[in-house]
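Here the structure comes first, spelled out in structure tokens, and everything after it is commentary.
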Protein chains: 2
Amino acid sequence: MKYSKATNYALHTMLYLAVTSPNQRVGVQPMAEKLKVSPTYLSKILTQLVKAGMIESSPGAGGGYKLPPHWEEISFLDIIHAIEGPVSLFDGCLNDHPDCLIQNVMVSAEEKMEEELKQKKIAELAKKAPPVL
Amino acid sequence: MKYSKATNYALHTMLYLAVTSPNQRVGVQPMAEKLKVSPTYLSKILTQLVKAGMIESSPGAGGGYKLPPHWEEISFLDIIHAIEGPVSLFDGCLNDHPDCLIQNVMVSAEEKMEEELKQKKIAELAKKAPPVL
DNA sequence: CTATTAAAGAGTTATAATATCTATAATATC
DNA sequence: GATATTATAGATATTATAACTCTTTAATAG
Ligand code: SF4
Ligand code: SF4
């Protein structure tokens with residue numbers, strides 16, 4: 001019951017882009033160095049973010065990744081969902097009782113967490129210019 | 001990023017005890033049958049619950065498990081913590097920056113969820129006498 | 001003492017996360 | 001067009017954790 005390291009890397013790179021270069025492209029190597037993770041692995045994570053519309057990519061010389069136009073609206077929840085998928089924390093159901101009481105509790109609790117994660121935008125954190133990496 | 005099946009089994013057995021026999025002892029075999037899980041495996045989970053004070057056990061003939069005197073106060077969060085341990089959903093930290101912004105967000109979101117899980121008691125669900133198993 | 005039941009230990013299997021290697025495709029620059 | 005650069009994709013290996021089993025031990029009631 002833990003968020004994956006991939007999610008952690010995704011959050012860090014997003015915050016990194018927001019803090020350092022919201023408009024400029026940056027390749028995967030420098031970020032992989034900062035995060036102390038292999039470029040190929042980080043690349044896979046960034047590709048997932050691209051597909052989810054969290055960042056934009058361009059190949060070729062001078063290419064790299066940059067934030068999309070709407071980047072100030074991107075929330076923690078968006079990033080987490082991009083990596084973890086549309087998670088439901090609880091799904092060990094066996095019998096499919098109608099209107100399951102256990103699942104109701106778990107889902108409503110999960111929603112409380114998601115509300116909070118939806119309100120928190122990386123742009124908001126970036127304003128504080130933290131030493132993110 | 002999912003709760004373990006063990007947590008699921010724990011929630012179901014607790015609710016089962018609360019619904020069927022709040023005072024009477026019941027062995028692991030009947031419950032394992034209902035849950036379609038092996039008795040030895042369920043036994044390990046129940047032992048964790050015993051150590052966390054969620055249930056009481058007694059060996060020997062006529063023994064088994066029963067809820068403790070304070071069972072009506074037991075929350076979902078209590079049960080989850082008993083199985084998952086004192087979880088922190090997020091811990092992929094690399095640099096230990098002071099007053100980490102990312103971790104602050106994740107922790108506060110997690111607390112929102114835990115508040116909800118702390119308010120939900122199994123006794124409350126048991127009153128509705130659901131077809132739990 | 002014997003039957004019954006929980007607890008504990010060691011081990012196995014299954015599944016998912018993590019990471020690497022290699023090959024391919026796209027773009028810019030010359 | 002040739003070359004260097006960079007992202008993407010596929011296959012695969014490694015590691016970690018969850019899930020489960022088997023066996024032994026301990027405790028209790030009758
Ligand atoms: S109680 Fe809920 S989770 Fe459990 S078997 Fe019934 S529907 Fe599924
Ligand atoms: S930003 Fe937070 S989680 Fe990331 S390295 Fe710094 S302290 Fe750790």
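Convention: sequence-line order gives letters A, B, ...; per-chain numbering from 1.
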Distance, rounded to the nearest Å, where Y3(B) contributes OH and dA16(C) contributes C1' = 19 Å

What's the shortest heavy-atom distance between A82(A) and L49(A), and which atoms?
-> CB-CD2, 4.0 Å

For nucleotides 4-9 of chain C, give me every protein contact, N/O to N/O, under 3.5 Å, one pair per line with atom names.
unit_1 : atom_1 : unit_2 : atom_2 : d
dT4(C) : O2     : A61(B) : N      : 3.4
dT5(C) : O4'    : G60(B) : O      : 3.2
dT5(C) : O2     : G60(B) : N      : 3.4
dA6(C) : OP1    : V28(B) : N      : 3.2
dA6(C) : O3'    : S57(B) : OG     : 3.3
dA7(C) : OP1    : S57(B) : OG     : 2.9
dA7(C) : OP2    : T47(B) : OG1    : 3.0
dA7(C) : OP2    : Y65(B) : OH     : 2.7
dA8(C) : OP2    : K51(B) : NZ     : 3.4
dG9(C) : N7     : K44(B) : NZ     : 3.2
dG9(C) : O6     : K44(B) : NZ     : 2.9

All pairs passing side chain to side chain donor-acceptor pair (under 3.5 Å) where residues 45-67 of chain B contributes a residue, at least two apart | R25(B)-S58(B)

Intra- and interstrand pairs of DNA chain C - dot-bracket, Watson-Crick/G-U under 3.5 Å, | marks other strand | ||||||||||||||||||||||||||||||

To the nearest Å, give me how far apart NZ (K2(B)) and P (dT15(C)) are.
-> 15 Å

Using whole Å, report how far OH of Y41(A) lies from C1' of dA16(C).
-> 11 Å

Which side chain to side chain donor-acceptor pair (under 3.5 Å) pairs, counting each pair once, include a residue from residues 35-45 of chain A, with sequence neighbours left out?
-> S38(A)-T40(A)

Partner set under side chain to side chain contact (heavy atoms under 4.5 Å, CB included) for A18(A), not counting sequence neighbours = L67(A), W71(A), I122(A), A126(A)

For Y16(A) and K34(A), which heavy atoms make the closest approach, and how far apart are they?
-> OH-CE, 4.1 Å

Is it true that the side chains of E84(A) and S4(A) contain a donor and an acceptor less than 3.5 Å apart?
-> yes

Rounded to the nearest 0.5 Å, how far apart are CE of M106(B) and OH of Y3(A)?
-> 5.0 Å

Assign Y9(B) to base, sugar-phosphate, or nothing according to its heavy-atom contacts below 4.0 angstrom with the strands shown.
-> sugar-phosphate

Sole candidate of I74(A), I55(A), T13(A) that passes side-chain contact (heavy atoms from CB on, under 4.5 Å) when paired with I79(A) = I74(A)

For DNA chain D, note the earliest and the latest nucleotide, 5' to 3', having some atom under 4.0 Å of a heavy atom belonging to chain B.
-> dA19(D) to dA29(D)

Report the distance from atom CD of E84(A) to atom P of dA16(C), rounded to the nearest whole Å.
-> 14 Å

Heavy-atom nearest pair, A10(A) first then I45(A), reads CB-CG2, 4.1 Å

May I ask whether I80(A) and V107(B) are part of the same hydrophobic cluster, defined by side-chain heavy atoms of I, L, V, M, F, W, Y residues being less than 4.5 angstrom apart, directly or through others?
-> no

Test item: side-chain donor near acceptor, S88(A) and D91(A), under 3.5 Å = no

Nucleotide dT18(C), atom C1' - distance to CE of M1(B) in whole Å | 18 Å

